[in-house]
Enquirer: 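One structure is given below, represented as structure tokens, and several questions about it will come after.
Please read these numbers as outputs of a predicted model, since none were measured by experiment.
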Amino acid sequence: MKKLAIIGAGGKMGMRISANLKKEPFEISYVEISDAGKERLSTLGITPTTAEKAVPDADVVILAIPDIAIEKASPAIVKMMKPGAMMMTLDPAAPYAGKLPDRKDIAYFVAHPSHPSIFNWEPTAEAQKDRFGGILAKQSVVCALMQGKDEDYELGDQIAKKMYAPVLRTHRITVEQMAILEPGLVETLSSTCIYVISEALKEVIKQGVPAEAARDFLLGHLNIQMAVLFNELPGAVFSDAANKAIVRGLSEIFKPDWKKVLEIDNVKEQIMAITK
């Protein structure tokens, strides 16, 4: 039975993965220093311990703390880990930014959830409403072995499937590729675009369009637009008028070099800003 230590077990992500892993056949130690986090863990029937007690014997240490805290917190934790152990982080930013200590005799593994797809289908209404994932709705997970052996990857993949369950599939990629996906693709780019769309909805409501009508109209069109663009309706295409509107919108809304946010040097700048 593998021994796991979850650092930050009572935090936002810590609670999610603690609740899932608690049901699995692992020997788990839960580390939490804040009173609020300890109180949250008590709702799961969990009594936290200290890193000094949990880390030295752990086969896998899961770092469920914010990106900005990893550079400060990880050296002491890594120093306590036994040779051959593995540290898992839940986000690529800090590992890719070089915020983890250089120690060659342990493995580093990163696993980040994709969250349930907008095209996900679930058998119950309750599961369909699990937008975040990790409770009832299926989601995929991207995994990367930053350093270590193939067996380390297999162990990390196994744990990722359980802590983010239910999982549709996992994808093995590199840490750099994961960084391009987040923050590059899904935060800097797509979150910004979606934010602008939400602001546009507010704007048309200000102009007098009834709020409920505007929301229904926008969300319905987003549904079909996404289905067409992401090939969920094979053979379906936009109308000639819609294509003309897209060309006009691109020239009026976006800079010609907007794709630079996905170039690796730009992604590195985004990550440094996140992890400071």
Enquirer: So which residues get pulled into Ile68's cluster when ILVMFWY side chains under 4.5 Å apart are joined, directly or through others?
Expert: none

Enquirer: Between Lys260 and Lys255, is a side chain to side chain contact (heavy atoms under 4.5 Å, CB included) present by the stated rule, with each step listed?
Expert: CA-CA 10 Å; Lys260 71 180 182 182; Lys255 295 180 179 179; 5.8 Å; no

Enquirer: Met87 and Leu63: which non-hydrogen atoms are nearest, and at how many Å?
Expert: SD-CD2, 3.8 Å

Enquirer: Calculate, to the nearest 0.5 Å, the distance between atoms CG and CD1 belonging to Asn20 and Ile159 respectively.
Expert: 13.0 Å

Enquirer: Between Tyr96 and Met178, is any pair of side-chain heavy atoms under 4.5 Å apart?
Expert: no

Enquirer: Can a salt bridge be assigned to the pair Glu24 and Lys162 using a cut-off of 4.0 Å between side-chain N and carboxylate O?
Expert: yes

Enquirer: Look up atom CD1 in Ile173 and atom NE2 in His112, then write down how far apart they are to the nearest 0.5 Å.
Expert: 10.0 Å

Enquirer: Enumerate the residue pairs fulfilling ring-ring contact (aromatic ring centres under 6.0 Å, His included) with a member in residues 142-193, sequence neighbours excluded, ordered by first and then second residue.
Expert: Phe109-Tyr153

Enquirer: What's the separation between atom CD1 in Ile264 and atom CD in Gln177, rounded to the nearest 0.5 Å?
Expert: 9.5 Å

Enquirer: Carefully, step by step, assess Asp57 and Glu27 under the rule side chain to side chain contact (heavy atoms under 4.5 Å, CB included).
Expert: CA-CA 11 Å; Asp57 291 331; Glu27 184 179 331; over 6 Å; no

Enquirer: Should Ile224 and Phe238 be regarded as members of a common hydrophobic cluster, given that ILVMFWY residues are connected when their side-chain heavy atoms come within less than 4.5 Å of each other, either directly or indirectly?
Expert: yes

Enquirer: Do Ile274 and Glu187 make a side-chain contact, defined as non-hydrogen atoms from C-beta onward lying under 4.5 Å apart?
Expert: yes

Enquirer: Answer yes when Lys259 and Asp257 have at least one side-chain N-carboxylate O distance shorter than 4.0 Å, and no when they do not.
Expert: no

Enquirer: Among Lys268, Glu263, Gln270, exactly one meets side-chain hydrogen bond (donor to acceptor under 3.5 Å, both in side chains) together with Asn266. Which residue is that?
Expert: Gln270

Enquirer: Does this structure show an ion pair linking Lys138 with Glu122, if we count only N-O contacts that are shorter than 4.0 Å?
Expert: yes

Enquirer: Give every residue pair that meets the side chain to side chain donor-acceptor pair (under 3.5 Å) criterion with at least one member in residues 229-242, sequence neighbours excluded.
Expert: none

Enquirer: Between Pro95 and Met146, which heavy-atom pair has the shortest distance, and what is it?
Expert: O-CE, 3.1 Å

Enquirer: With no hydrogens and no angle check, just 3.5 Å: does a side-chain donor-acceptor pair link Asp157 and Thr170?
Expert: yes

Enquirer: List for me each residue that meets side-chain contact (heavy atoms from CB on, under 4.5 Å) alongside Phe217, sequence neighbours excluded, and say none if there are none.
Expert: His221

Enquirer: Can you measure from OG (Ser251) to CD1 (Ile246) and round to the nearest 0.5 angstrom?
Expert: 12.0 Å

Enquirer: Between Leu41 and Gly10, which heavy-atom pair has the shortest distance, and what is it?
Expert: CG-CA, 3.8 Å

Enquirer: As a quick check of understanding, evaluate side chain to side chain contact (heavy atoms under 4.5 Å, CB included) for Val61 and Ile77, giving each step before the final call.
Expert: CA-CA 9 Å; Val61 177; Ile77 296 168; 3.9 Å; yes

Enquirer: Would you name the heavy atoms of Tyr108 and Pro101 that are closest together and state the gap between them?
Expert: OH-O, 2.7 Å

Enquirer: Run the salt-bridge test on Lys149 and Asp152 with the 4.0 Å N-O cut-off and return the result as yes or no.
Expert: no

Enquirer: According to the ring-ring contact (aromatic ring centres under 6.0 Å, His included) rule, which pairs have a member within residues 55-95, sequence neighbours left out?
Expert: none

Enquirer: When rounded to the nearest 0.5 angstrom, what distance separates CG in Leu21 from CG in Leu4?
Expert: 6.5 Å

Enquirer: If we only count heavy atoms from C-beta on, is the Glu71 to Lys276 side-chain gap below 4.5 Å?
Expert: no

Enquirer: Under the ring-ring contact (aromatic ring centres under 6.0 Å, His included) definition, can you give me all pairs with a residue in residues 13-54, not counting sequence neighbours?
Expert: none

Enquirer: With sequence neighbours excluded, give me every salt bridge (charged side-chain N to carboxylate O under 4.0 Å, His left out) pair touching residues 77-98.
Expert: Asp59-Lys82

Enquirer: Among Ile46, Ile17, Val31, exactly one meets side chain to side chain contact (heavy atoms under 4.5 Å, CB included) together with Ile6. Which residue is that?
Expert: Ile17

Enquirer: Can you list every pair that meets salt bridge (charged side-chain N to carboxylate O under 4.0 Å, His left out) and has a residue in residues 190-213, with sequence neighbours left out?
Expert: Glu199-Lys202

Enquirer: Do Glu252 and Arg248 meet the salt-bridge criterion of a basic N to acidic O distance under 4.0 Å?
Expert: yes

Enquirer: Is there a path of hydrophobic side-chain contacts, each under 4.5 Å between heavy atoms of I/L/V/M/F/W/Y residues, joining Ile106 to Val55?
Expert: yes

Enquirer: Could you list the cluster mates of Leu218? Members are the ILVMFWY residues connected by side-chain heavy atoms closer than 4.5 Å, either directly or through other members.
Expert: Ile197, Leu201, Val204, Ile205, Val209, Leu219, Leu222

Enquirer: Taking only residues two or more places apart in sequence, or in another chain, which ones meet Lys104 in a salt bridge (Lys or Arg N to Asp or Glu O under 4.0 Å)?
Expert: Asp102

Enquirer: Using the rule that two of Ile, Leu, Val, Met, Phe, Trp, Tyr join whenever any of their side-chain heavy atoms come within less than 4.5 Å, decide whether Val141 and Val60 are in one cluster.
Expert: yes

Enquirer: Just verifying a value: how many Å separate Leu262 CG and Thr188 OG1, rounded to the nearest 0.5 Å?
Expert: 8.5 Å

Enquirer: Does Leu100 share a hydrophobic cluster with Met86, counting links as ILVMFWY side-chain heavy atoms below 4.5 Å and allowing steps through other members?
Expert: no

Enquirer: Looking at every heavy atom in both Lys22 and Ile28, which two are closest together, and how far apart are they?
Expert: N-CD1, 4.2 Å

Enquirer: Tracing side-chain links under 4.5 Å among I, L, V, M, F, W and Y, which residues wind up in one group with Ile135?
Expert: Leu136

Enquirer: Quick one: closest heavy-atom pair of Ala127 and Thr124, and the distance?
Expert: N-OG1, 3.1 Å

Enquirer: Enumerate the residue pairs fulfilling ring-ring contact (aromatic ring centres under 6.0 Å, His included) with a member in residues 126-151, sequence neighbours excluded, ordered by first and then second residue.
Expert: His115-Phe132

Enquirer: Applying side chain to side chain contact (heavy atoms under 4.5 Å, CB included) to Met163 and Leu90, what does each step give before you reach the verdict?
Expert: CA-CA 11 Å; Met163 71 184 189; Leu90 311 184; 3.5 Å; yes

Enquirer: Give a yes or no on whether Ile65 and Met15 share a hydrophobic cluster (residues Ile, Leu, Val, Met, Phe, Trp, Tyr; joining criterion: side-chain heavy atoms under 4.5 Å apart).
Expert: no

